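Quick notes on the structure that follows.
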Amino acid sequence: MRALDLKLLRDLRHIWAQSLAIALVLACGIMVMMLASGTQRSLNETRAVYYERHRFADVFSSLTRAPKQVLDEIARIDGVKRVEGRVVFTALLDLENMTEPASARVISLPASGGAILNVPLIRHGRLPEALQQDEVAISEPFAEANELRPGDTFRAILNGRKRELVVTGIVLSPEYIYTIGAGALMPDDRHFGLIWMRETAAAPVKDLEGAFNDLTLSLSRDANEAAVIDAVDRILAPYGGTGAYGRDRQVSNVFIEGELKQLGALATVQPPIFLVVSAFLVNMVLGRLVALDRAQIGLFKAVGYSTRTIALHYLKMTAGIGILGVLIGWGFGWWLGREMTEMYTEFFRFPWLLYRPGPGPLVISGILGMATVIIGALRAVRASVRLAPSVAMSPPAPPRFQRGWADSLGEMLSLRQTTMMIVRSIIRWPGRAAVTIFGVSGSVAVLVVSFFTFDAIDLIMQELFDETNRQDVTLTLSGNLNDSAVIDAGNLPGVLRAEGIYAIPIRLVNGTRTRLVTLQARAPGAALTQILDPEGHPITPSTAGVDLPEELARRLGVAPGDSLRLDLLSPPRETWQVPVASVFRQSLGQDAYLDRETLFHWLRQTPQVNMIHLAIDQNRLADLQAKVQETPAIAGFTLWEDVRAEFVDTLTESLVSMSLIFATLGMLITVGVIYNAARIQLAERAHELASLRVLGFRRSEVSYVLVVEQMVLTVFAIPLGWLAGYGFALLMAEGFSTDVVTIPVVVTQRTFALAALIVIGSALGAVLFVRRRLDRIDIVSALKQKE
Amino acid sequence: MRMPILRTDDVTKVYHTGAVDVHALRGIDLSLFEGEVVVLLGASGSGKSTLLNILGGLDRPSEGHVFFRKEDLTGLSDGALTEFRRDHVGFVFQFYNLVPSLTARENVALVTEIAENPMSPEEALERVGLSDRMSHFPAELSGGEQQRVAIARAIAKRPDILLCDEPTGALDSKTGITVLEALIEVNRSLGTTTALITHNAAIRRIAHRVIYMADGRISRIEENANRVAPSEVSW
Ligand SMILES: Nc1ncnc2c1ncn2[C@@H]1O[C@H](COP(=O)(O)OP(=O)(O)O)[C@@H](O)[C@H]1O
Ligand SMILES: [Mg+2]
């Protein structure tokens with residue numbers, strides 16, 4: 001045994017660089033698994049604890065106005081645990097040093113005591129005192145972005161009147177982990193905040209004394225959510241209920257869900273590539289080692305070592321590589337997982353950081369990692385076991401080369417003999433070539449998938465900002481107004497063009513599938529916002545039926561021509577049967593569209609608007625903002641330039657670092673594969689290459705044989721990698737698409753080219769690194785050994 | 001007056017291995033002349049291979065000079081030595097050093113593709129009597145045939161010097177003779193200066209001159225008055 005163990009150490013020392021290369025590829029897979037599922041578990045746990053401790057509600061609904069007695073009726077619904085009726089509305093703010101309008105969602109707290117559900121977590125200060133009309137607590141992100149502290153004051157426009165409010169506390173809420181203003185696409189903490197005030201202060205603003213316009217409730221453990229939602233809808237219908245929904249539609253929760261889903265996709269799509277490549281690498285390197293050890297294996301067997309001992313010897317060696325890879329992967333995975341969890345914690349404003357990857361990811365990735373290398377080793381180990389001592393101790397039969405199509409090819413193209421050597425080597429060892437091609441194509445695939453995210457974002461951005469939303473500003477009106485409001489808006493300072501939109505909440509139902517969405521009704525001539533058909537051409541809003549985004553249509557299971565049920569969730573609360581006129585492309589948001597005239601024709605009303613898009617003269621933005629601030633009819637002001645900047649900031653920054661990590665990992669695969677393949681080539685052909693030097697071949701000409709073979713395989717691998725990368729991109733798009741975002745599957749030529757270039761560069765680097773060893777070969781002594 | 005094509009001037013070679021220095025060559029002065037066949041004889045370890053490698057630009061002397069015609073090889077860079085081998089020297093070794101993945105013809109073409117004024121691979125193989133084996137891979141050829149391919153490969157570029165290190169060492173006598181015949185034929189028809197190492201004394205009879213080496217020195221040089229054909233040599 002001791003002799004074998006010594007051999008093991010010696011062998012490992014001999015192939016340390018190759019082992020390390022494999023271990024690193026393996027480590028990449030382990031790391032991504034650890035990172036993604038560790039972060040996912042930590043966030044899940046954090047969220048669960050947060051929801052639990054702060055009594056995040058299960059069902060939500062807004063309504064126009066209902067007297068508080070209705071709450072008792074709702075509390076009696078089977079399965080309802082706690083109910084809270086609140087007053088919730090949006091108010092414009094007047095902040096010091098800010099010319100552009102900001103707004104806040106005002107949320108009422110019970111007249112005294114704390115909230116029943118969605119309990120705010122106090123970070124600094126305290127909640128407003130009961131009966132204190134001017135005291136408010138505000139959300140922490142908003143407070144930080146505007147440098148507000150307890151004791152500070154700011155002004156809000158309440159009931160058409162500017163009121164000075166005193167900040168008593170800074171809080172976080174499980175209901176607004178991800179805070180996004182109405183109609184906004186991205187969180188904007190400077191211009192949108194949350195304000196908690198006592199019911200006694202909030203209700204009079206909206207004439208809601210003794211009433212509520214927002215309902216949240218929690219469910220008992222065995223409640224039937226769908227049944228409760230139905231019951232709530234029935235009860236609230238006369239009070240202007242806009243449709244109750246569960247956590248699965250609650251904006252903040254949906255965003256987090258999406259994020260968690262994306263981490264899950266990350267944990268499943270990428271690691272297998274790394275694992276499979278490492279298995280093949282182990283196979284390649286160990287296979288070579290067993291071939292080299294042939295005579296020794298024979299000797300060991302001849303002197304009485306059992307086949308089990310010998311098999312165990314090679315398995316131990318493999319385990320060494322596996323353990324190294326797993327440890328490195330764990331280390332980096334743990335560390336990066338912590339970093340990432342921290343990043344998410346900040347992004348989502350979780351009140352605390354719980355990094356609890358738990359033993360799960362460690363155990364699973366460890367087992368998968370070890371299984372990977374051992375499976376990779378099996379073929380070589382089996383070969384060592386099968387070798388009969390007598391056969392083993394005689395030299396291996398020389399490789400046989402066969403005449404075939406390669407010869408005619410060589411003649412036809414009049415290839416140089418050094419090129420023929422490459423062609424024959426690839427044909428003679430197709431398995432080895434396949435491993436290299438497979439590994440490198442995996443690398444290309446990883447790179448394509450990494451860069452594909454940029455393509456998708458680019459497309460979403462382009463679609464969002466250049467094609468669909470070409471307005472400079474969107475005004476959200478505080479209520480429905482008739483068309484003269486559009487003309488008024490057109491007369492605001494600096495406005496070049498104004499287009500009115502009417503947006504209302506609706507429910508689309510097709511059989512058992514239902515979706516709560518916004519219906520946007522636009523005038524036919526609307527040019528500031530557009531919708532595009534799948535080919536990218538603008539569609540005029542249909543007068544015959546609704547236009548649906550592809551993803552929404554898919555989820556509802558409808559196609560153009562089909563008809564579905566449309567429930568209006570605001571007055572007159574009718575139910576219509578409408579045809580689907582067309583589907584269009586929309587990556588972000590899931591709105592249904594309809595021609596405005598048609599909608600109001602169906603509604604039997606004169607047309608109204610509640611949103612106005614503006615094209616403006618940028619030089620007069622300040623004037624416009626000042627004017628908007630003093631116009632009570634305008635509740636929200638969205639500057640699209642800000643939206644775009646915010647979008648770029650939020651998405652690109654985190655994506656750039658992620659993609660850089662993955663690009664590095666992708667490169668590592670190629671380096672690991674090519675380094676090993678080239679080392680093996682070099683070891684097996686040292687004699688042959690030395691004899692070329694004797695014949696007067698220059699260094700560069702000899703290197704050609706080594707370098708070009710690997711590069712040819714690399715080039716072969718690229719189209720395969722592109723294909724695989726596209727496939728993985730499909731998976732990733734599926735995995736990364738949420739209710740909020742549909743990731744388009746677009747892989748640009750830039751991405752394909754970049755992936756190819758990086759891989760070619762890494763392969764060249766790796767093989768040239770090995771090539772240096774050619775210079776160290778002593779020609780004379782290489783020739784003294786018989787081949 | 002015959003022209004020396006290769007000349008050594010007090011060449012020594014010392015290998016520094018571990019504690020002891022091995023003096024492989026201890027001052028060699030030797031000239032090889034245009035068109036002659038020289039056989040180097042000597043005990044194993046007497047420095048024959050070392051000398052041949054230095055003559056062919058595969059190795060460098062520790063001290064002394066090697067001249068090819070007028071050019072001093074000793075000062076040449078690695079690259080220049082490679083060019084020297086490429087243009088002027090053909091090597092044949094005991095182990096044939098053929099490229100296993102190339103056929104006989106391709107092994108020869110390997111060299112003709114990079115030579116300045118080569119003969120065709122077919123002609124080279126014809127000269128060693130292997131026209132009918134051209135598309136065989138080395139593994140499909142006998143030892144003697146492989147060695148003849150190696151000779152064809154060495155002569156295809158029409159080298160000025162052909163250096164053979166125990167070309168018959170791994171062959172039985174009958175096969176060895178065919179290999180020697182190929183060498184002599186090449187020398188006769190192309191006038192290639194040929195140096196041949198052997199430790200088979202009988203072979204000396206095919207040479208113009210026989211150089212005896214012992215302990216890193218040339219102990220004796222013998223002119224051979226009655227050269228015989230390889231077929232008449234027996235061992
Ligand atoms: N690369 C080397 N390193 C150390 N010693 C060497 C080396 N090559 C040859 N020698 C030594 O030099 C001497 C001459 O060797 P060589 O020229 O091969 O002899 P021959 O070919 O006559 O048998 C021998 O003692 C041999 O051991
Ligand atoms: Mg020798």
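Values in this document were obtained by computation on a predicted structure and should not be read as measured data. Below, chain A is the first sequence line, B the second, and so on; all start at residue 1.
The OG1 atom of Thr103(B) lies 8.0 Å from the CE atom of Met420(A); values are rounded to the nearest 0.5 Å. Ser691(A) contributes atom OG, which lies 9.0 Å from atom CZ of Phe93(B) (distance to the nearest 0.5 angstrom). Atom NE2 of His687(A) is separated from atom CG of Asn97(B) by 3.5 Å, given to the nearest 0.5 angstrom. Here OG of Ser414(A) is found 9.0 Å from CD of Glu113(B). Values are rounded to the nearest 0.5 Å.
Leu695(A) has its side chain out of reach of Arg85(B): every pair of non-hydrogen atoms, C-beta onward, lies at least 4.5 Å apart. Between Glu688(A) and Ser101(B) the shortest side-chain heavy-atom distance falls below 4.5 Å. Counting heavy atoms from C-beta outward, Leu692(A) and Leu110(B) have side chains that approach closer than 4.5 Å. Counting only heavy atoms from C-beta outward, the side chains of Arg424(A) and Glu106(B) approach each other to under 4.5 Å.
The side-chain contact (heavy atoms from CB on, under 4.5 Å) test with Gln417(A) singles out one residue from Thr112(B), Val111(B), Leu102(B), and that residue is Leu102(B).
With a 4.5 angstrom heavy-atom cutoff, Ser425(A) does not touch chain B via any of its atoms. For a residue to count as touching a neighbouring chain, one of its non-hydrogen atoms must lie under 4.5 Å from one of that chain's; by this rule Gln94(B) does not touch chain A. Looking at Ile427(A), there are no atoms closer than 4.5 Å to chain B (heavy atoms on both sides), in backbone or side chain. Ile422(A) does not touch chain B: none of its heavy atoms, backbone or side chain, sits under 4.5 Å away. With a threshold of 4.5 angstrom between heavy atoms, Asp78(B) approaches chain A through side-chain atoms but not through N, CA, C or O.
Judged as a side chain to side chain donor-acceptor pair (under 3.5 Å), and not counting sequence neighbours, Lys301(A) has no contacts. In terms of the side-chain contact (heavy atoms from CB on, under 4.5 Å) criterion, residue partners of Ala152(B) (sequence neighbours excluded) are, by chain and number, Val108(B), Ala124(B), Leu125(B), Val128(B).
Here the closest heavy-atom approach between residue Val99(B) and residue Met421(A) is recorded as CG1-CE, 3.6 Å.
Scanning residues 696-703 of chain A against chain B with a 4.5 Å non-hydrogen threshold yields Gly696(A), Phe697(A), Arg698(A), Arg699(A), Glu701(A), sorted by number. Near-neighbour residues of residues 131-139 of chain B relative to chain A, defined by a heavy atom under 4.5 Å from a heavy atom of that chain, comprise Ser135(B), His136(B), Phe137(B), Ala139(B).
Heavy atoms from other residues, nucleotides or ligands lying under 6.0 Å from CZ of Arg379(A) number 12 at most. The number of heavy atoms from other shown groups lying within 6.0 Å of CZ (Phe716(A)) does not exceed 12. More than 12 heavy atoms of other residues, nucleotides or ligands lie within 6.0 Å of CZ in Phe84(B), so this atom counts as buried by the packing criterion.
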Practice item. Give the intermediate values and the outcome of side chain to side chain contact (heavy atoms under 4.5 Å, CB included) for residues Asn53(B) and Ile779(A). Key: CA-CA 10 Å; Asn53(B) 291 340; Ile779(A) 309 173; over 6 Å; no
